Amino acid sequence: MSFNYTRPYPGGRSPLMTRNAVATTHPLAAQAGLQMMRAGGNAIDAIIATAAVLTVVEPCSNGLGSDLFALIWSPQDKALHGLNSSGRSPQAWTPDTFKGMDSVPMRGWMSVSVPGAIAGWVALSKRYGKLPFADLLAPVIDIAERGYMVTPIIASQWARAVPILQNQPGYAEHFMPHGRAPLPGELFRNPAQAESLRLIAESEGESFYRGQLAARIVAHAKAHGGLMTGIDLAAHVADWVEPIRMGYRGYEVAEIPPNGQGIAALMALGMLEDFDLKALGPNHPDYWHLSIEAMKLAFRDVHAQVADPEYMNVSASAMLDRDFLKSRAKLIDLKRAQDFSPSAELRGGTVYLNAADESGLMVSLIQSNYYGFGSGVVVDGISLQNRAYGFTLDPAHPNCVAGGKRPFHTIIPGFILKDGQPVGPFGVMGGHMQPQGHMQTAIRMIDFGENPQAALDGPRFRVEQGLEVDLEPWTPADVRAELAARGHKLKENKDSYMDFGSGQIIWKTADGYITGSDPRRDGCAVGF
């Protein structure tokens, strides 16, 4: 790929070019990953250290009670592998558990499924890591104990969460020093989280699922109306899975299979391959219209079908069938927007990170508490996700809540290949923005030749309900006018932090890696 290295968008950066790379949303986290590489570790060691630091410095988005997914290119067996470490619901749950409710609660203990991130770190370390697991958590333990200065973006999101979560058990105790959210530049320490991290490090995660921390989590649940048990925690397994793929213009885009929504990005790309987007270019209204309509069609099917794969009525391979996607693409009317009943209104709190090293080992990883701070429940510094809110209570839907079941998940790592060889990891955060961001950044690189940084800098759209579409402020005026003329109901949402995601991209070259890091959310890429 021959990229264009101009800076076509406001606030554009130059990409990082280096032989080893770590990219994520906070400089302290990226530095921890780089520290592992400098100590003789590989990309997996780096990604675990980076992910661990993010649980401390970005608590609005993730915590020790997160879920996790990853895609790993292994140069040893020259293959791409997937890891699904999303947790399952408590065994005691049934639809009757939520009788009389419109949905699974958004907050509190009854929104918590078993957290999978810690098991994911351990699984990655055991299969691919070089350094001792405890060494990988040394930087984050130090940061949690000594404290860190809260960035303006995180301080703003933290302040928004306080009125919503201050009465959830454990939240104020751990995340409201001085009775409020920390101010920008204020030092925040989390000694309870440091102690929990120390127990996790010493036990290689066993304490979290079968030991001292597990006992504390279960006791806390019992005291506050939760149904999670020690059996639920001990039963958690991080599953190695075969990635799903979609060929696109000579490349392959890979995602984790359901229960995640990555299949939506692949479906949309499959539909769009019938259209010559390269001839249109990134500022042509037809490109925007076609992409919006394809994404809406993909969401219609994904939200009707995707669930824990053991419960799905339609296979992922059927949803990615080329003839099926061609039939979907024929539904697009180039002259007018249509209501395909797209995704529900979803927001998320997520961190995406990737790393690559000189050996060719590459990893795309995402972990999340879902909505800001997740459930709001905090046990010994362990902020628990609310991923169970992703279930439906419709008994006819494959994603209906049940015991021991994985919910529909929004978080998705991505990866690009060409001719069976790795091109690199990429991802975009933000609820149902994620497959939309995957599709748009992939098109910008593959069709339009934008380098990874420019692909992240470019304006994005976000489809909402019905005909509604959010546009970033620097969307070209003629594009905006033409989309409105075709019937799209345009919104201009200036909260790029949440509403248009934030991403990282690493692209492999013959001599190293080209890395882009999104400016929407303190994006930071480092390397050597």
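Given the structure is predicted, the values throughout are model-derived calculations rather than measurements.
Under a 3.5 Å cut-off, the side chain of Arg521 and the backbone N or O of Ser502 do not form any donor-acceptor pair. One N or O on the side chain of Gln261 and one on the backbone of Thr410 form a donor-acceptor pair closer than 3.5 Å. When atom types are taken as modelled, the side chain of Ser89 and the backbone of Ser113 share no donor-acceptor pair closer than 3.5 angstrom.
Leu490 contributes atom CG, which lies 9.0 Å from atom OG1 of Thr475 (distance to the nearest 0.5 angstrom).
Side-chain contact between Tyr9 and Pro282 is present, with heavy atoms from C-beta onward closer than 4.5 Å. Residues Asn283 and Pro476 form a side-chain contact, since some pair of their non-hydrogen atoms from C-beta on lies under 4.5 Å apart. With a 4.5 Å cut-off on side-chain heavy atoms, Asn354 and Leu365 do not count as touching. Taking the side chain as every heavy atom from C-beta outward, Ser517 and Arg13 approach each other to under 4.5 Å. Looking only at side-chain heavy atoms (C-beta outward), Ile505 and Met445 come within less than 4.5 Å of each other. Within the 4.5 Å cutoff, no side-chain heavy atoms of Pro15 are placed close to those of Tyr513. With a 4.5 Å cut-off on side-chain heavy atoms, Val401 and Thr392 do not count as touching. Inter-residue side-chain proximity for Met295 and Gln440 is flagged as unmet; no heavy-atom pair is nearer than 4.5 Å.
If you run salt bridge (Lys or Arg N to Asp or Glu O under 4.0 Å) between Arg88 and each of Asp308, Asp239, Asp67, only Asp239 comes through. Among Arg328, Arg322, Lys278, Lys326, the one residue that satisfies the salt bridge (Lys or Arg N to Asp or Glu O under 4.0 Å) test with Glu273 is Arg322.
Between the side chains of Glu58 and Thr25, at least one donor-acceptor pair of N or O atoms lies under 3.5 Å. In this model, a donor atom of one side chain and an acceptor atom of the other lie less than 3.5 Å apart for Ser359 and Asp357.
Aromatic rings from Phe426 and Trp507 are positioned such that their centres are separated by 6.0 Å or more.
Aromatic ring orientation, His303 versus Phe408: tilted (interplanar angle from 30° to 60°). In this pair, His81 and Tyr128 present their aromatic rings tilted. The plane angle is within the 30 to 60° band.
Nearest approach of Asp394 to Cys400, heavy atoms of both residues: O-CB, 3.1 Å. Considering all non-hydrogen atoms of both residues, Gly281 and Tyr287 come closest at O-CB, 3.7 Å. Heavy atoms only, all atoms of each residue included: Phe3 and Pro452 are closest at CE1-CD, 3.9 Å. Residues Pro519 and Asp457 share a closest heavy-atom pair of CD-OD1, 3.5 Å. Nearest heavy atom pair, residue Ile256 against residue Ile244, reads O-CD1, 3.9 Å.
Between Arg249 and Asp447 there is a salt bridge, since a side-chain N of the basic residue sits under 4.0 Å from a carboxylate O of the acidic one.
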Enumerate donor-acceptor pairs with a distance under 3.5 Å from any side-chain N or O in residues 481-489 to protein atoms, sequence neighbours excluded.
{"unit_1": "Glu482", "atom_1": "OE2", "unit_2": "Arg486", "atom_2": "NE", "d": "2.9"}
{"unit_1": "Arg486", "atom_1": "NH1", "unit_2": "Asp286", "atom_2": "OD1", "d": "2.9"}
{"unit_1": "Arg486", "atom_1": "NH1", "unit_2": "Leu334", "atom_2": "O", "d": "3.0"}
{"unit_1": "Arg486", "atom_1": "NH2", "unit_2": "Asp286", "atom_2": "OD1", "d": "2.6"}
{"unit_1": "His488", "atom_1": "NE2", "unit_2": "His289", "atom_2": "ND1", "d": "2.8"}

Exercise for review: May I have the step-by-step check of salt bridge (charged side-chain N to carboxylate O under 4.0 Å, His left out) for Glu472 and Arg520, ending in yes or no?
Suggested key: CA-CA 11 Å; Glu472 289 201 276; Arg520 292 169 181 82; 2.6 Å; yes
Exercise for review: Verify ring-ring contact (aromatic ring centres under 6.0 Å, His included) between Tyr370 and His409, making sure each step is shown before the conclusion.
Suggested key: CA-CA 9 Å; Tyr370 201 16; His409 248 277; 7.5 Å; no
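Environment of CG in Asp96: crowded, with over 12 heavy atoms of neighbouring residues, nucleotides or ligands closer than 6.0 Å. More than 12 heavy atoms of other residues, nucleotides or ligands sit less than 6.0 Å from atom CG of Asp77.
With a 6.0 Å cutoff to the six-membered ring centre and a 45° limit on the axis angle, Lys405 does not count as a cation-pi contact of Phe391. With a 6.0 Å cutoff to the six-membered ring centre and a 45° limit on the axis angle, Arg127 counts as a cation-pi contact of Trp240.
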